[in-house]
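Everything numeric in this text was worked out from a predicted model, so none of it was measured. The analysis underlying the following values was restricted to heavy atoms, covering all of them including side chains, and did not include hydrogens, waters or symmetry mates. Every chain is numbered from 1 and lettered A, B, ... according to where its sequence line falls, protein lines coming before strand lines.
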Amino acid sequence: MSSHLAGLNPQQREAVRYLDGPLLVLAGAGSGKTRVITRKIAYLVAECGIEARHVAAITFTNKAAREMRDRVAELLPGKQAKGLTVSTFHSLGLRILRVEARRLGYKPRFSVLDAADAQQILSDILKNPDRASLRQVASLISTWKNALLAPTEARAAAGDDDEIQAALAYQAYQDTLRAYQAVDFDDLIRLPVVLFREHPEALATWRSRLRYLLVDEYQDTNGAQYEILKLLTGVGGRFTAVGDDDQAIYAWRGADVENLRRLNDDWPNLRVIPLTQNYRSSQRILRAANSVIRNNPRLQEKNLWSELGLGDPIEIVRCRDDRHEAETVALRISAHKFEHRTRHADYAILYRGNHQARLFEEALRENRIPYQISGGQSFFDKAEIKDLTAYLRLIANPDDDPAFIRAATTPRRGIGAATLEKLGDHAGQRHIGLFAAVYETGFQENLPARQLESLLTFADFIGRLAGRAEREPAGRLLDELLAAIQYEQWLFDNEDERAARAKWANLREFVDWLSKKGEEDGKSLIELTQTVALMNLLEGREDEAPDAVRLSTLHAAKGLEYPHVFLVGVEEEILPHRECQEGNRLEEERRLMYVGITRARRGLTITWCGRRKRGGEIVDCAPSRFLDELDPAEIRRAGETSDPGQDAREDGRRRLSALKAMLGPGK
DNA sequence: TATGTCCTTTTTTTT
DNA sequence: AAAGGACATA
């Protein structure tokens, strides 16, 4: 038998081998769906004579893409995997757009705006909107984009007055992006669809390039992503989609589980293979997960089963408050690690919202437990990195007004709000970018000499860099750039020493990485800048702390697994979230709980607090309703006894073992 | 007019 | 507990 089929169960093997038509693999949590995808890639390339460059695997996050690439590399040694595409829909979209930009009236050096830039633009359009309506309009626009509605179509479809206003804002927003030669995240999906619909020859090119598609986490695709899949694979349906409707947790971002059903409508010959054996979790964990998800209305009851042992009891721990919760988890990890000789990396702390991470960070630091946060603020969202990339974006694309504003005012160099407003007015009248407007005589005549000088100094500086950016080594230019703007000094002048140091170190790391890349690949600063726009999405740097407790949001933990999971803050208002108390949204929260539980292999500890600090105020908390849904036979409760002494004694024992762990025989 | 400071508000999840 | 906005200062 082929080595690429070895060790797979019959369903998995069937899923790998099936190539006669479109295939949907309905894979329960932990049933080895990623394994099916990686093996199938290897099988296609090594056994079916399909070149790797004709195969594309789509993952949900860039991190997942990186992991999948690594796994495939192990299965396909040497150059066999060369040219294989493993990326998110967004990265694939970006790659397509860079090549095809001109057909859509964009220049190839268009900028990619992050969410903050996009929101700023929208905020300018709406003229001082309150937070709520800004959010609402932004989310409406996103919904429309994901449903592939153009601004005019959105306006036609708009019902009430709010929606009409939002549709008008959508139009203005899209015009602005066009003027900036910029696209937002949603455009990375939407524009390729527009391209393929309007330019059949472009579609033909990409169809012949990407001949087989594998889509992971299919339940979380949105309408536009589905359309890309449809366009690229055509009536032949050369694809394998893998998904689990119980793990759909991105409806708020336009994902639609309905896409699972739609597959059958669009390809009547769709083959469906369910994977029901779980290879990850103990039976207790599986039963607990099932007992929760059972409360959602589902098409059909899934019968996930496992041959792994019964496993440790699941613990529910009541904590006094959020501080106590963090401390409890830290101590338990210490004690458990000491007792069972595990590694730090065997533990994960999962929570609903990013802000919950802070207290756990503190507690882990205090207890000298190494940790690593995944998700949360990415490297490229850090202010210092965004500052530098603003310069790079501007150098590559002078129409990028948001980049102009950020670069021109960071560090401060005598260009203030009033100057920028005048510049903006003029640029608006003449329909040109801020950078170009600086050099218009009509503008210069009406500006005091001092402000004009500041602007000219800045624009000339950028212009000079841009002129050299295509030829000179990136490293030297970057060093020069940072020295010229005196960024390091500015950091230390404006931040306290600790923060400044950290930021400067981040920036150095970024610059060194860019310089090295420029040298190795012989890329110019301009070319690198295009990669940086991509890197904004490809968030990962390679170095992951090898042995550290993982901290992650539930969303970011999807697809991952850990021997021991701490599911924290499982309270009403948090999980389910305050805004998601009923209907579809509550069901999605339940799936989130389900995802959390099924991340665990052997150990699962769930914590909740009697009260916690919420934005400065202390509020009382109630345990999540999902805790009541857990099968009581599988759980053990702690901290809820009537004898308060028992907790203290238990706590004492834990502290003692934690202490031993620290003093214990080295690390 | 540019900038720094103080004081307000705010919390979902991510590409 | 951080970020953005109003206000005071240079």
(request) Could you tell me whether a side-chain N or O of S133(A) sits under 3.5 Å from a main-chain N or O of D130(A), the two making a donor and an acceptor? (result) yes
(request) Would you indicate what Y250(A) reaches in the nucleic acid, counting non-hydrogen atoms under 4.0 angstrom: base, sugar-phosphate, or nothing? (result) sugar-phosphate
(message) Tell me the interatomic distance from L452(A), atom CG, to dA2(B), atom P, rounded to whole angstroms.
(response) 13 Å
(request) Using whole Å, report how far CG of D186(A) lies from P of dT15(B). (result) 13 Å
(message) Considering every strand and a 4.0 Å limit on heavy-atom distances, what is the contact class for R412(A): base, sugar-phosphate, or nothing?
(response) sugar-phosphate
(message) Can you identify which nucleotide, out of dA1(C), dT14(B), dT11(B), has its nearest atom closest to the R253(A) side chain?
(response) dT14(B)
(message) So Q451(A), base contact, sugar-phosphate only, or nothing? Heavy-atom distance under 4.0 Å.
(response) sugar-phosphate
(message) Any side-chain to backbone donor/acceptor pair from T389(A) onto K386(A)? Under 3.5 Å, distance only.
(response) yes
(message) In whole Å, measure the gap between the C1' atoms of dG4(C) and dT13(B) for me.
(response) 23 Å
(request) Report the relative orientation of the aromatic rings in F443(A) and H426(A); use parallel for angles under 30°, tilted for 30 to 60°, perpendicular for over 60°. (result) tilted
(request) May I have the distance from R614(A) (atom CZ) to dT10(B) (atom C1'), rounded to whole angstrom? (result) 11 Å
(request) Round to the nearest Å and state the distance from D130(A) atom CG to dG4(C) atom P. (result) 16 Å
(message) For a quick check of understanding: with a heavy-atom distance under 4.0 Å over all strands, which category does I415(A) fall into, base, sugar-phosphate or nothing?
(response) sugar-phosphate
(request) Please state how far atom CZ in R135(A) lies from atom P in dT14(B), giving the value in whole angstrom units. (result) 13 Å
(message) If you compare every side-chain N and O of R358(A) against the phosphate oxygens of dA2(C) (OP1, OP2), does one of them come in below 4.0 Å?
(response) yes
(request) State whether K422(A) places a side-chain N or O below 4.0 Å from either non-bridging phosphate oxygen (OP1 or OP2) of dT1(B). (result) yes
(request) Would you mind reading off the distance between F60(A) atom CZ and dT13(B) atom P, rounded to a whole angstrom? (result) 14 Å
(request) Figure out the NE2/C1' separation between H90(A) and dT14(B), and round it to whole Å. (result) 9 Å
(request) Round to a whole Å and report the spacing from CG of L455(A) to C1' of dA2(B). (result) 13 Å
(message) Let's see if you can work this out: which of dT10(B), dA2(B), dT15(B) has an atom nearest to the side-chain heavy atoms of R131(A)?
(response) dT10(B)
(message) Both H555(A) and G414(A) contact DNA chain B. Taking the nearest nucleotide for each, which residue is further toward the 5' end?
(response) G414(A)
(message) So, OP1 or OP2 of dT14(B): does either fall under 4.0 Å of a side-chain N or O from T61(A)?
(response) no
(request) Please answer whether dT13(B) and W252(A) are stacked, defined here as ring centres separated by less than 5.5 Å and planes angled under 30°. (result) yes
(message) Check this for me: does any side-chain nitrogen of one of R578(A) and E572(A) sit under 4.0 Å from a carboxylate oxygen of the other?
(response) no
(request) Keeping the roles fixed (side chain from T409(A), backbone from I405(A)), state whether a donor-acceptor pair exists under 3.5 Å. (result) yes
(message) I want to check one thing: is the phosphate of dT14(B), taken as OP1 and OP2, less than 4.0 Å away from some side-chain N or O of N354(A)?
(response) yes
(request) Could you check whether the rings of Y391(A) and F461(A) sit parallel, tilted or perpendicular, using 30° and 60° as the cut-offs? (result) perpendicular
(message) Need to verify one output field. Residue with the more 5' nearest nucleotide on DNA chain B, G353(A) or A418(A)?
(response) A418(A)
(message) With a 4.0 Å cutoff (strictly under), does any side-chain N or O of T553(A) reach OP1 or OP2 of dT14(B)?
(response) yes
(message) At 4.0 Å (heavy atoms only), tell me whether R591(A) reaches a base, stays on the sugar-phosphate, or touches nothing.
(response) nothing
